[in-house]
Every structure is written in C-alpha cells, then in structure tokens.
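Bear in mind that the values here come from a model prediction, so they are computed numbers and not experimental data. Order of appearance sets the numbers: ligands from 1, and atoms from 1 within every ligand.
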Amino acid sequence: MHHDSSRRTRRIGLLTGGGDCPGLNAVIWAVVRSAARTDIEVFGIEDGFDGLIAGGTTRRLSIADVRGIHREGGTILGTTNRGNPFRYPVEVDGVMTEQDCSDELVRAVRRIGLDGLIVIGGDGTLAIAEELSRKGVKCVGVPKTIDNDLGATDTTFGFYSAVTTAMEALDKLKTTGQSHDRVMILEVMGRHAGWIALHCGLAGGAHVILVPEIPYDIEPVLARIRARWDEERRHYTLIVVAEGAYPAGGTESHIAAEGAGTVARVGGAGLLLERTLVDAFRGDHWRRQRSVPEVRTTVLGHLQRGGSPGAYDRIVSIRFGCAALDLIERDQWNRMVCLRGTEIESVPLEDAIAQLHLVDPQGQLVQQARSVGTCMGDHWE
Ligand code: F6P
C-alpha cells in the first residue's frame, strides 16, 4: 500500500467488454474494494470502450456502489461486443461502415486524467487493449469468457458457471429423452472452442460429444445410437454439440454473417445434426425397426451467460480483480492477470492474445471421455 502525500491520487478506468459472463461483477467488486485501501480512484466506464467514445459515460465507483455485487451475474458497467474503437461501426450515407475512433478514446482518457485502464474481456477485447497500449494508453487485462479459449491462462472465469448451466440442462434432457425414447441434442456455446461441450458432456453423461476441434462423421454417431437400440435396449441418446462443431469436409454453421463492427454469429450446428440424423433414420436399418428414433434439439443459448457465478468463478474473479489492482500498484502495466495451476500470475498483453486455447484431440480430457465410452464423432473406436 502506498500513501505518499506528495503524490497526486491515481485514477484508473475500469471496463467490461465483449459478451458478458458470470463473474464480471465479482472482478469489479474486488478491484474497487482493493483500490479503496490505496490512493487509487476507480472510474467505471460504461458499455465497454463505448464509454470513452462520443456520448459515452464514466462514473466514480465507491465501495457503496459495488456492495454485494460479487454474487450477481452480468456487469453493472454494461458491455458490448460491437465497440472496437479501431473499427467502430458508423453509418455513412445510410451504409454501415467502420472508422478508427481510437484517437478520440485516447483524448477521453487524458481528459478524465486516467493513468490507465483495467480491461476485463475475452480475446477480442484484450486485442483492443493491446493495440491501445501501443498508442500509449496503459492497460491491465483480466481474462473472461465462458468459451475458455484464451491461451495464456489455465482458465477464464465464467466458464465453469456456463458448464454447470449446460450440465443441468443435460440432466433435464435425459429424463424427458428417456421417457420418450428420443435422441436429444443439446447445442452449447463456445465459438471455435469445444470446451463447454466437452466439460458439460462429460459431467452430464452425454453419449456423444461433438466439438469443432474434431470434425465429425455421422456414421460413428449413428453407430452409437444404433448400438444403444440394438444391444443395450436403451432407446434414448444424449448428444452435446458445440455451436462451432461441423461435419468433416463441411464448415462451421452461421446464423448471421459478419458485418461492420460485428463478428459472424455462430449457430445452427444442432439443427444441422438433427436433419442429418432424421435423413439417416429413413435408411434400411431403421425402417426394419419397430419405430425410428425421434430427434429433438435444444439450443441452450444465452442461458449459459446468465445468472450468478458459481463458487469457483467467484473466487477466480475476486483473485483476478485483486491481482489486477496489485499490478497497477506496482506500476506493472500492459500485462494480463492469469491463472497458472493454483497461482495468479501475469503475462505481457501481447502473449495473452497470441494463441487461442482449443481442445487437444489427443489430450487427456478427450482420451478420458473416450475411456468412459463417449463417442467423439470420429472413427477412433
Ligand atoms: O464468446 C462468448 C459467446 O457467448 C460465444 O460462446 C457465442 O458464440 C457468442 O458469445 C454469442 O454472442 P452474442 O451475445 O453476440 O450472441
């Protein structure tokens, strides 16, 4: 703790960017509470970087402003995943285009007198922080995302809360699937990474787990459903499909293409799989059966991003918040806090965004899923 009276009070900005996830408020809570023990004032920047661009707002955050919020989902600061200041969406002559508004942001940082920013975000938001740091805006990054796809940290907060929601959904789909003898498909989020699918599938007892890292063939999936009908006399099958999963030789399904300031919306993998299965069930083998299985698809969607953080995510978030403030106290900017084993450490921002963390098809988790009999949609068995 520094209390040097000759020094002016330091000011930092705090923002949440990209898609929200459980645990953001716990980071905010920890930053504000830790800062209250130092000479650092915290300014909350609203709606991601938008708070520092035309018409955006910031407000001083005190302990009273954050009381009890570490239990709550969402972010009291608001967020957006279309606010990249370097490629800001603006309408020119009725057409949406992208403009570089980063100079405006730098001016706002100076005007408010911020020494730097704590940026809580995923790969997109942290890449913006890194670009800003090269323009002289000092940043400390905090890794969040339900997708768990950041290379420089063992885990991001939000992930286990999302996995818990998806696991509970599977538990529910099991009972209705079992009652109706149906093939139940659950499509979960994760963008290009299969972490949520793999974890919730394992925890929720899915018979088939399809992830983007292992493009699937329909034959092994059908073989598993058939084996359950023919050999195990079990007439329901639980399938988890990551939204980014796709058939071998195919491509990721999108609900909407990328536009000015937005990335493509990934989704549709569940329904594609349902259609493929229903077509296959018209084949000979199934027609000889008493009846063919019915297929139902649930797209879990934003339920995975909502609600209170679980205990694990609360603790990681609080630890990340304290560690981010600690870096600033020690004047160590342009780094991202991260979890390595059981310790909170930090890495340079450029390392933080260097690599996506994807499921290793040869890794332990996939092997262990196979060991307990999970079909991963390939011809491994
Ligand atoms: O990155 C988090 C995430 O929830 C992804 O899993 C998903 O593809 C995407 O964000 C959805 O974004 P939006 O909230 O814009 O629909």
Proximal ligand 1 atoms for I146, defined as those under 4.0 Å from one of its heavy atoms: 4 (O)

Sub-4.5 Å side-chain heavy-atom contact between F157 and P309: no

Atoms in ligand 1 flagged as close to E243, the criterion being non-hydrogen separation under 4.0 Å: 5 (C), 6 (O), 7 (C), 8 (O)

Side-chain ion pair, R330 and D326, N-O less than 4.0 Å: yes

Atom 15 (O) of ligand 1 - nearest protein heavy atom and its distance: N81 ND2, 3.1 Å

I196 contact mode with ligand 1 (heavy-atom cut-off under 4.0 Å): neither

For the student: nearest non-hydrogen atoms of C139 and V119, plus distance: SG-CG2, 4.3 Å

Heavy-atom nearest neighbour in the protein, as seen from atom 3 (C) of ligand 1, with distance rounded to 0.1 Å: R305 NH1, 3.5 Å

Contact check, H302 vs ligand 1, heavy-atom distance below 4.0 Å: yes

Cationic tip of R228 above Y236 ring, under 6.0 Å, 45° of axis: yes

Test: D171 and K174 ion pair at under 4.0 Å: no

Atom 6 (O) of ligand 1 - nearest protein heavy atom and its distance: D147 OD1, 2.7 Å

Note: D20-R305 ion pair, threshold 4.0 Å (strictly below): yes

Heteroatom distance test (G190, ligand 1): nitrogen or oxygen, under 3.5 angstrom: yes

